[in-house]
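This report concerns only the one structure given below.
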Amino acid sequence: MGYESITKPGRIGNLEIRNRITLSPMEKNWCDRLGNLSQNYIDYYVERAKHGVGMMNFEATYVDMRGKGNIYQLGLWHDDHIAGHKRLNEAVQAHGCRTAAELMHAGRNCNMQRTGLQPVGPSNRPLDMVGNHQVHALSVEEIADVVQAYANAARRAKTAGYDMINIHGAHGYLVTNFLSHVNNQRTDQYGGSDENRWRFATEIYQAIRDTVGPDMPTGIRLSSEEGIEGGYQIDNMIGLVNQLEGLGLDFVDVSTGTYEFIEGIVQPMDLQQGYLLPLARQMKEAVSIPVFSAGRINDMDIAERAVSDGDCDFVHMSRAFHADAEIYSKSISGRKDDVVGCVACNRCTAQMFGNLPLVCTVNVAVGRERFSKLTPAADARKVMVVGGGMAGMEAARVAAERGHDVTLYEKTDTLGGIINVLRAPRNRVAWGRAISDRIRMCETAGVNVVTGKEVTAEDVRAEAPDVLIAATGTRPFMPTNITGFEDRLEVETVTHCDDIVRGRVDVGVNAVVVGGQNIGMITAEYMAEKGATVTVIEATDILVEDLEFIARKMLLARVEQSKQIDVRLNSNIERIDKDSVELQSGGAIETLEDVDQIVFAIARERERGLIDAATAGLVEELDIEFHVVGDCDWPGDPYEAVLAGFNTGRAI
């Protein structure tokens with residue numbers, strides 16, 4: 001595909017932007033508790049500016065300490081911040097990239113444990129997701145103070161060299177609180193009618209415009225739909241934008257959702273790519289200023305169609321650049337097949353809401369750009385990597401890129417390890433991209449791949465490598481102690497999740513899945529898609545506690561609506577019979593009849609056979625360097641596996 005539309009320069013007011021691809025705001029948790037940015041923050045954005053991004057919104061930047069949404073968020077509430085922001089702007093702009101300051105106050109989304117201060121809003125509408133704190137309803141005088149805080153932050157932004165201002169009026173933050181038909185219950189000039197609900201946003205815009213002058217492009221980011229019962233719809237936001245256009249608004253940035261509808265803000269892999277483009281098109285058809293749109297756009301082909309088809313004027317991409325800083329430059333130069341794709345696993349988002357530094361499952365250099373450059377090895381060595389999951393592939397890839405002679409062995413016919421289980425249901429297929437990208441990267445690096453080969457100690461002796469890396473992963477745990485287990489095993493009506501999702505065993509008609517955490521529910525959804533009725537047995541009182549919370553919310557909704565999946569919490573299997581299972585739940589015993597398949601998906605056991613042989617004398621016998629990486633060392637998530645592989649490949 002050609003990229004004529006997204007490579008064209010665009011204009012916001014009197015400001016030219018070199019192309020139509022922009023980096024949407026994404027909080028990183030890389031600042032200190034007062035909002036001061038770090039050097040790795042600058043390094044991250046410079047790396048992306050070098051590869052062609054047209055404009056960057058760094059992240060939601062709080063204008064007042066009471067409005068801080070996250071502990072380690074970027075701040076612009078004090079003049080002390082100006083110097084750091086100036087360094088950031090100069091570093092990015094040196095590569096031809098424009099910058100925008102996204103100014104925000106989190107309002108009722110604030111958590112007292114993070115700010116040390118009571119949240120504020122138009123009305124006392126506590127939010128359960130952030131602690132259910134009582135919200136102080138702002139007085140008219142206090143509203144004026146908040147408006148001034150926005151103006152002060154805009155002054156600092158202009159002094160620090162930003163090219164543009166973006167007012168964050170989306171995602172349930174303070175501006176959204178005032179716009180809301182649900183959370184704004186005021187009866188004064190800031191509530192009641194639409195015009196009154198729009199007053200706060202309008203006053204912020206006017207105060208910023210008066211501060212920065214007519215020539216600094218200023219726009220607003222809006223949740224086009226609130227996403228809650230009784231919430232406003234896009235027609236209401238079109239009305240607001242039309243009003244602000246009349247006052248000189250330069251652009252509108254279309255998003256959606258609130259924390260109650262958080263899957264609209266950060267779309268998991270369950271939702272389609274380009275999720276927000278229909279809403280952006282509605283906005284664009286109703287306004288005359290440039291329109292930005294985001295919404296799980298992680299492919300330049302989708303971005304090109306969005307602009308060429310008239311959905312929007314500029315395309316926001318964030319997680320896509322998180323996964324591959326070079327996605328734009330690779331795509332437009334004919335190297336699209338080399339792009340490392342975002343799979344929307346939302347590991348980054350889970351980190352952010354957990355007050356942890358952002359990472360990326362498929363790009364472990366994120367946040368470590370300065371220290372993750374690969375250098376050639378001093379001496380090329382013969383490296384044997386056993387296990388073709390994410391840890392093994394990454395260790396092999398990195399070692400080969402550094403000049404080592406690497407052979408990767410996988411005992412099955414398919415690389416990818418546990419990711420082959422994670423990608424089984426149709427709403428998780430995006431995980432497959434993580435496998436295909438790593439396979440391609442290994443091929444490009446020159447890794448010799450051998451599949452269908454289970455490596456033994458004798459194979460290691462015959463190969464005589466300089467370095468042995470064990471990345472043998474895990475296998476499903478099978479509780480053979482349960483009465484009746486062995487009898488059903490003989491006729492293949494008791495099995496484990498790997499055999500089910502890899503198609504080795506029939507799913508059955510009336511099945512039981514033992515385990516209601518992520519692997520168990522992946523198995524249950526996959527079996528339901530294949531036509532089975534599934535009863536899930538979970539020993540705890542919480543389903544899928546180990547799944548990222550946005551994807552968990554969507555999974556729980558699917559299960560609630562499913563006619564094929566039934567869940568029993570605080571339960572376990574006591575006995576397995578020929579065509580039934582004896583179930584204990586809350587102390588009561590129940591028999592489930594006509595069960596034709598029992599699938600265990602409760603835990604993973606480390607594959608330690610080769611490791612035990614190596615540590616029992618093989619390493620000393622052959623005088624080789626030995627490393628253990630990934631889940632066979634200790635089970636973790638895919639990011640931890642890739643990070644372990646990267647660090648090992650870089651160290652040898």
Side-chain angles (χ1 to χ4, degrees), residues 377 380-423 432 434-476 498-499 502 504 604-636 638 640-652:
R381 305 170 76 188
K382 185 177 182 181
V383 179
M384 186 178 191
V385 181
V386 183
M390 295 299 283
M393 285 194 288
E394 182 69 353
R397 189 270 301 183
V398 173
E401 283 192 16
R402 295 183 57 236
H404 295 299
D405 177 14
V406 183
T407 301
L408 172 66
Y409 294 86
E410 165 56 38
K411 69 178 180 180
T412 71
D413 293 331
T414 308
L415 296 174
I418 191 66
I419 305 297
N420 287 298
V421 177
L422 297 183
R423 71 173 179 172
I435 298 175
S436 60
D437 282 344
R438 277 302 177 291
I439 291 174
R440 185 197 68 249
M441 292 163 77
C442 283
E443 291 173 349
T444 302
V447 176
N448 178 36
V449 177
V450 178
T451 58
K453 170 66 176 175
E454 184 166 7
V455 173
T456 66
E458 288 307 312
D459 294 318
V460 177
R461 287 190 179 92
E463 188 73 17
D466 300 309
V467 181
L468 173 64
I469 300 175
T472 46
T474 60
R475 65 181 184 276
D498 286 24
D499 279 350
R502 290 176 183 265
R504 299 169 184 152
R604 310 285 301 183
E605 292 274 31
R606 293 176 291 165
E607 286 280 15
R608 300 282 299 184
L610 180 63
I611 297 170
D612 290 343
T615 53
L618 181 64
V619 169
E620 291 80 6
E621 172 192 333
L622 299 178
D623 189 25
I624 58 177
E625 184 178 328
F626 179 55
H627 299 272
V628 179
V629 300
D631 286 357
C632 63
D633 184 26
W634 194 259
E640 292 165 335
V642 177
L643 179 62
F646 178 86
N647 287 338
T648 300
R650 192 163 173 251
I652 61 176

Could you grab the distance from atom CZ of Arg502 to atom CG of Asp413, nearest 0.5 Å is fine?
9.5 Å
Just do the side chain to side chain contact (heavy atoms under 4.5 Å, CB included) check on Val447 and Glu443 with the steps written out, would you?
CA-CA 6 Å; Val447 176; Glu443 291 173 349; over 6 Å; no
Do the side chains of Arg650 and Glu394 get nearer than 4.5 Å, heavy atoms only?
no
Within-4.5 Å side-chain heavy-atom neighbours: Ile652 and His404
yes
With a 4.5 Å heavy-atom cut-off, do Met390 and Ile419 have their side chains touching?
yes
Closest contact, heavy atoms only, Gly630 versus Ala391
CA-CB, 3.7 Å
Apply side chain to side chain contact (heavy atoms under 4.5 Å, CB included) to residues Asp631 and Arg606 and explain how you reach the verdict.
CA-CA 7 Å; Asp631 286 357; Arg606 293 176 291 165; over 6 Å; no
Side chain proximity check, Arg397 to Phe646, heavy atoms < 4.5 angstrom:
yes
NZ/NE/NH1/NH2 to OD/OE distance under 4.0 Å, Asp498 and Arg504
no
Hey, what do you get for CD (Glu605) to SG (Cys632), rounding to the nearest 0.5 Å?
13.5 Å
We want to know whether Thr456 and Glu458 form a side-chain donor-acceptor pair, criterion being a heavy-atom distance below 3.5 angstrom.
no
Heavy-atom side-chain contact between Leu408 and Met384 under 4.5 Å:
no
Shortest non-hydrogen pair, Gly649 vs Val398, comes out as C-CG1, 3.5 Å
Measuring only between side-chain heavy atoms, which start at C-beta, is Met393 closer than 4.5 Å to Met441?
no
Between the side chain of Glu463 and the main-chain N/O of Pro465, is any donor-acceptor distance below 3.5 Å?
no
Which pair of heavy atoms, one from Gly392 and one from Val385, lies closest together, and at what distance?
O-CG1, 3.6 Å
To the nearest 0.5 angstrom, please state how far the CD atom of Glu640 sits from the CG atom of Asp633.
11.0 Å
OG1-CG distance between Thr615 and Leu618, expressed to the nearest 0.5 angstrom
9.5 Å
Do Glu607 and Arg475 meet the salt-bridge criterion of a basic N to acidic O distance under 4.0 Å?
yes
If you measure from CZ on Arg440 to CZ on Arg438, what distance do you get to the nearest 0.5 Å?
9.0 Å
What is the minimum heavy-atom distance between Pro476 and Arg604, and which atoms define it?
CG-NH1, 3.6 Å
Heavy-atom check, side chain of Val383 versus side chain of Thr407, under 4.5 Å
no
Heavy-atom pair with the smallest gap, counting every atom of Ala445 and Ala400:
O-CB, 3.5 Å
Between Asn448 and Asp405, is the side chain to side chain contact (heavy atoms under 4.5 Å, CB included) condition met? List the steps.
CA-CA 8 Å; Asn448 178 36; Asp405 177 14; 5.9 Å; no
Evaluate the criterion side chain to side chain contact (heavy atoms under 4.5 Å, CB included) for residue pair Ile435 and Asn420; output intermediate values, then yes/no.
CA-CA 8 Å; Ile435 298 175; Asn420 287 298; 3.5 Å; yes
Can you tell if the side chain of Ile624 reaches within under 4.5 Å of the side chain of Asp466, non-hydrogen atoms only?
no
Measuring from His627:NE2 to Ile469:CD1, what's the distance to the nearest 0.5 Å?
6.0 Å
Looking at Glu454, I want to see if its CD is surrounded by more than 12 non-hydrogen atoms of other residues, nucleotides or ligands under 6.0 Å.
no
Contact summary for Ala644 and Val629, nearest pair of heavy atoms:
O-CG1, 4.0 Å
